[in-house]
Engineer: 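Input: one structure, supplied below.
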Amino acid sequence: MSAIHQTWDAADYAANGRFVSDLAADVLQWLAPRPGERILDLGCGDGVIAQRLARAGCQVVGVDTDAAMLDAARARGVTVVRASGEDLPFEREFDAVFSNAALHWMRQARAVLEGVHRALRPGGRFVAEMGGHGNVAAVITAMRAVARHRGADESLAGPWFFPTEEAYGEMLRQAGFKVRRMALIPRPTPLPGGMSAWLKTFRGVFFAQFGEDAPVVLAEVEDLLRPVLCDARGQWSADYVRLRLEAVKE
Ligand code: BEZ
């Protein structure tokens, strides 16, 4: 498993990551899907949102790299294609490309945007939400601090792509899009399973480097974060910052 090519366990994700699709209402409102539209769900994961779009009457194709997540999406009746978002195999066939909480895993952002542009018919829209600049900054800093103290690989703490509005807007324009709207939105997000479950689900690659010491390292990271991300009632949140956008293929 490389730093960025995390693999997923569909049951673990359902227990500790379901809030990701549950919190997609705002970006879905920006998508405003219409029955009959052909929509590509880029980074569809376990297919919960794609299924919702299909039930709204859209013709949906989900694309992802993770075999376990694609199996879960197929089990929901979603049509899926296994492909990298950095090398999308579609040509002028979608009315919209949608993506929720997936683009920050794809570090070759220019290749992603070129593929999205290619996949859309002229006038088609790209509506997405991803981690934006400053996303999970405290979480990454705590992991880096612990790794540095132990002489471990701190680059494994935060391999994601969290761009500013300005930087991503420029990339969209260079790829041939007109940006209709874009916003950077701080959204502290309650974590149903607490911080340790989030860390294990979303950054297991970082903790794996510590072998049998991983549980101790996890506790150290959690201790550093408790004063800023756990409230007096013991409810943990992650310091999420969302970058939401709607752009059109000119
Ligand atoms: C996010 O949705 O912002 C996110 C999820 C997992 C790891 C990092 C960021």
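Numbers for residues simply follow the sequence, beginning at 1. Remember, it's 1-based here, ligands and their atoms both numbered in the order they're listed.
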Engineer: Could you tell me, atom by atom, which parts of ligand 1 come under 4.0 Å of a heavy atom of Asn135?
Structural biologist: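 Listed by number with element, the hits are 1 (C), 3 (O), 9 (C).
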Engineer: With the threshold set at 4.0 Å, does a side-chain nitrogen-carboxylate oxygen contact exist between Glu154 and Arg148?
Structural biologist: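 Looking at Arg148 together with Glu154, the answer is yes, because their closest N to O distance falls below 4.0 Å.
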Engineer: Give me the nearest non-hydrogen protein atom to atom 4 (C) of ligand 1 as residue plus atom name, then the distance to 0.1 Å.
Structural biologist: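 Nearest neighbour among protein heavy atoms for atom 4 (C) of ligand 1, to 0.1 Å: His104 NE2, 3.4 Å.
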Engineer: Near Trp105, which atoms of ligand 1 are under 4.0 Å from a heavy atom of that residue?
Structural biologist: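 Atoms satisfying the 4.0 Å criterion: 6 (C), 7 (C).
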Engineer: For Arg242, which part has a heavy atom under 4.0 Å from ligand 1: side chain, backbone, both, or neither?
Structural biologist: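 Answer for Arg242: side chain.
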Engineer: If we ignore hydrogens and angles and just use 3.5 Å, is the side chain of Arg76 paired with the main-chain N or O of Asp46 as donor and acceptor?
Structural biologist: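 Yes; judged by distance alone, with no hydrogens or angles, the pair exists.
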Engineer: Keeping the roles fixed (side chain from Arg118, backbone from Leu88), state whether a donor-acceptor pair exists under 3.5 Å.
Structural biologist: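 Judged by distance alone, yes, a pair lies under 3.5 Å.
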Engineer: Looking only at distance, does Trp198 have an N or O less than 3.5 Å from an N or O of ligand 1?
Structural biologist: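 Min N/O separation from ligand 1 is not below 3.5 Å for Trp198.
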Engineer: Given that the side chain starts at C-beta and the backbone is N, CA, C, O, which of these parts of Arg203 lies under 4.0 Å from ligand 1, counting heavy atoms, or is it both or neither?
Structural biologist: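 The answer is neither.
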Engineer: The criterion is ring pair (Phe, Tyr, Trp, His ring centres under 6.0 Å); which residues satisfy it with Trp236, sequence neighbours excluded?
Structural biologist: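 Checked Trp236 against ring pair (Phe, Tyr, Trp, His ring centres under 6.0 Å); zero matches.
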Engineer: Just by modelled atom types, is the Gln108 backbone N or O under 3.5 Å from a matching donor or acceptor in the Glu86 side chain?
Structural biologist: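 Flag set: sc Glu86 to bb Gln108 pair under 3.5 Å.
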Engineer: Which residue owns the protein heavy atom closest to atom 6 (C) of ligand 1, what's the atom, and how far is it?
Structural biologist: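 Going by distance alone, atom 6 (C) of ligand 1 is nearest to Phe202 CD2, 3.3 Å.
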